[in-house]
Amino acid sequence: MGSATLRYFCYGCLFTSVTWTLLLFIYFNVSEENQALKHVPIKGLAPYKPLPKRFYPRFNRNSFQISDRHKNSQVRSRFGNHVGEPEEGNSELSPEMGMIFNEQDQKVRDMGYQKHSFNVLISNRLGYHRDVPDTRDPKCEEKSYPSDLPFASVVVCFYNEAFSALLRTVHSILDRTPANLLHEIILVDDNSELVDLKNELDEYIQTNLPSKVKVIRNEKREGLIRGRMIGASHATGKVLVFLDSHCEVNEMWLQPLLTPIKEDRKTVVCPVIDIISADTLIYSSSPIVRGGFNWGLHFKWDPVPLSEMEGSEGASSPFKSPTMAGGLFAMDKDYFNELGQYDAGMDIWGGENLEISFRIWMCGGTLLIIPCSRVGHIFRKRRPYGSPKGLDTMAHNSLRLAHVWMDEYKEEYFAVRPELRNRSYGNISERLSLRNKLNCKSFKWYLDNIYPEMQLSGPNAKKQQPVFINKGPKRPKIQQRGRLFNLQTNKCLSAQGHPSQKGGLVVVKDCDVNDPNQIWSYNEDHELILSNLLCLDMSETRSSDPPRLMKCHGSGGSQQWLFGKNNHLYQVSVGQCMKIVDPLNHKGYVAMAICDGSALQQWRFES
Ligand code: UDP
Ligand code: MN
């Protein structure tokens, strides 16, 4: 090449690179997403208005999305039937966060389910800080709150909580509460046995957390009811906020709770309890519902009567609730003491939420749910701990509340639980004199005025029903139907026995177009349903158990399957892929294993 040609060639290169740099510069400055992140107005364009925070994904979303119905249905399994159309919520986490890569991961996951009933592997991977989707109604963002709100002491009682979940609770409060409103966080260790909750927790708090966090240790296990009373007795804030030890508070959660308390100190308030899935830790929005109960004295969610939702603020305005779920609420501290705190004769867990709800309403207070305050809670399918003597504390506590507060209506409870009629329930004289001293109204007044929807058995049963906001649950759409074909063996996934047998195993068999035992449906909720009957399910506790056919529960997790790259079939709550155990064995057993992309783990739908 001559020197002139070389010179022109270099000019050419220079020109091309300058042009490209310019083009890239313009592209990055004009691209909408980039602008959204930079908040800088550009000449010639309309002033930039930032999108609400929820529109910015923080994790790389991959192709798998969990449908809204799925995300919200955890509530159904914890607190009875959920009602109303689930609200929109967006998942910012991949359901593959729980992928098991080695034996250590598997141990963390399996032990975690055993000790805590949720996916501790994902909880640990998330760390102590994360953003959660802002699930509030857009109207909430327009609201303003007084600047001189009373400051709060947050009381979190815990027993054997997973370290990462406890610290995420604490940090979410510190990260999303204005410092001037947060007086302190009081952690009450209810004599946990897990060692990391002792020295490691103290050390972490001493080195990393400001003076606002205090730990109180119970010398013996007291249960959450006395535990909260102990926490409250150490609190020096004006308002008490009680939270479970596996919560994450959302944007602007506290101000809307404190405002009604400031206006009327006898108002007790609950946030909307958003759902953190126990299997995926995905945070999603809860529908707007209120608290009720049944005659077995179990808490349940009810639709909100239309009459409660009227008014200009609609879905964003506080509404009355006959009962509270119990885990999360705020109350003026002096009013908590005046109203008799909790019944100290109640043990461990259960019933205290209905007791305090009845007491609030019957003794002159008000109980509200505040839709603009959102706090996520990990809803578990079972409680991982027992009570010290294996006692049914729920029955003991419910008996106490029935005898103190329910007057002649306790007969309704005994009609459901006749075996408890003559069961002893300890001394309730102090609680009876409290009721007397506070001059509380009758349970009949409560039913007539606060919960007229409650159905009575017997001749006085009311038939009238109020108008509810209730669109009913959606059925998930079927996305694929056909045989599930294993690429290595050319065999099809099938029920081992009859497809309607609950708990039955699945195996691979020679494919047969006419065999209904081999016809699977895959729906938008990622359930695999055999012959329109049962769902393919993985036990929540041990990833080494084989998948089984179980009743479809609609709560995701153990029945959620994802087809991934390499045709693998990934199980969300187990974090592993389905494979054929031994291709030469004619029994065709399948099991879960670390996803490795091998042909034994490859499955394809064939219509
Ligand atoms: N808890 C406690 N002592 C107990 C039982 C429970 O301190 O003996 C705590 C527990 O760690 C949690 C709260 O009380 O922070 C509520 O318990 P849980 O979450 O199991 O109840 P659920 O949410 O299922 O109603
Ligand atoms: Mn809880």
Side-chain angles (χ1 to χ4, degrees), residues 74-80 112-118 120 123 154-170 172-173 185-194 196-197 201 215-232 234 241-249 270-271 273-278 281 283 286 291 293 297-301 323-329 342 344 346-357 375-394 396-398 540 555:
Q74 289 290 346
V75 170
R76 218 171 308 170
S77 49
R78 278 292 305 140
F79 293 125
Y113 268 102
Q114 222 177 69
K115 286 192 207 148
H116 308 289
S117 302
F118 63 84
V120 173
S123 177
V154 181
V155 176
V156 177
C157 204
F158 67 92
Y159 174 66
N160 285 352
E161 186 54 85
F163 196 83
S164 55
L166 177 64
L167 282 180
R168 226 176 11 263
T169 307
V170 171
S172 81
I173 301 167
I185 300 176
I186 297 179
L187 302 177
V188 184
D189 173 6
D190 195 15
N191 200 230
S192 298
E193 287 135 16
L194 300 180
D196 57 352
L197 294 170
L201 180 65
V215 184
I216 291 158
R217 309 233 185 234
N218 291 345
E219 278 176 14
K220 64 177 182 40
R221 171 110 176 264
E222 298 287 355
L224 82 96
I225 299 148
R226 289 190 294 274
R228 283 182 175 173
M229 290 162 72
I230 292 165
H234 286 81
V241 182
F242 294 102
L243 296 181
D244 272 12
S245 46
H246 33 255
C247 289
E248 285 166 73
V249 303
C270 304
I273 311 175
D274 279 340
I275 300 145
I276 303 175
S277 157
L281 276 281
Y283 184 113
S286 269
F293 67 97
L297 296 184
H298 290 108
F299 173 85
K300 67 183 177 81
W301 293 110
T323 68
M324 65 161 88
L328 297 69
F329 69 98
Y342 273 122
M346 289 189 171
D347 293 323
I348 307 295
W349 180 95
E352 88 294 343
N353 55 336
L354 297 190
E355 194 268 346
I356 198 168
S357 306
V375 178
H377 167 257
I378 301 180
F379 285 88
R380 310 187 268 201
K381 293 187 193 80
R382 64 177 182 97
R383 254 170 296 117
Y385 50 81
S387 60
K389 289 177 204 137
L391 294 173
D392 179 356
T393 61
M394 175 81 186
H396 171 82
N397 299 347
S398 302
E540 73 162 39
S555 311

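The structure presented is a predicted model; accordingly, all values stated were derived computationally and were not measured. If you read the sequence from its start, that first residue is 1, and numbering goes on from there. Both counts, for ligands and for their atoms, begin at 1 and track the order of listing.
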Practice item. Report the part of E222 in contact with ligand 1, treating N, CA, C, O as backbone and CB onward as side chain, heavy atoms under 4.0 Å; options are side chain, backbone, both, neither. Key: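 None of E222 does.
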Inset, instruction - Give the contacting part of F379 toward ligand 1: side chain, backbone, both or neither, where contact means a heavy-atom distance below 4.0 Å. - result: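 None of F379 does.
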*So does D347 pair up with K220, basic N to acidic O under 4.0 Å?*
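No, no charged N to carboxylate O under 4.0 Å.
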Which atoms of ligand 1 are found less than 4.0 Å from any heavy atom of [X]?
X	value
H377	23 (O)
G223	3 (N), 4 (C), 8 (O)
H246	19 (O)
F158	7 (O), 11 (O)
R380	18 (P), 19 (O), 20 (O)
I348	8 (O)

With rounding to 10 degrees, D244 OD2, the Mn ion (ligand 2) and H377 NE2 define an angle of 90°
Checklist entry - Would you call F158 and H246 a side-chain contact if the rule is heavy atoms closer than 4.5 Å? => result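 Not touching, per the 4.5 Å side-chain cut-off.
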[X] and [Y]: side chain donor to acceptor below 3.5 Å:
X	Y	answer
S123	R168	yes
Y385	N160	no
N191	N218	no
S172	E248	no
R228	Y342	yes
T393	S387	no

Among the N/O/S atoms of H246, the Mn ion (ligand 2) lies closest to NE2
_Tell me whether ligand 1 is touched by R228 - counting only heavy atoms on the residue side and a distance under 4.0 Å._
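No, R228 has no heavy atoms under 4.0 Å from ligand 1.
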* Asked: If you measure from each heavy atom of G327 to ligand 1, is any distance below 4.0 Å?
  ->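 Per 4.0 Å heavy-atom rule, G327 does not contact ligand 1.
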Plane angle bin for F379 and H377 - parallel if under 30°, tilted between 30 and 60°, otherwise perpendicular: perpendicular
N or O contact, [X] vs ligand 1, cut-off under 3.5 Å:
X	value
D190	yes
R221	yes
C157	yes

| request: Give the C-alpha distance, both sets of side-chain angles, the deciding distance and a yes or no for side-chain contact (heavy atoms from CB on, under 4.5 Å) between V154 and V249. | output: CA-CA 12 Å; V154 181; V249 303; over 6 Å; no
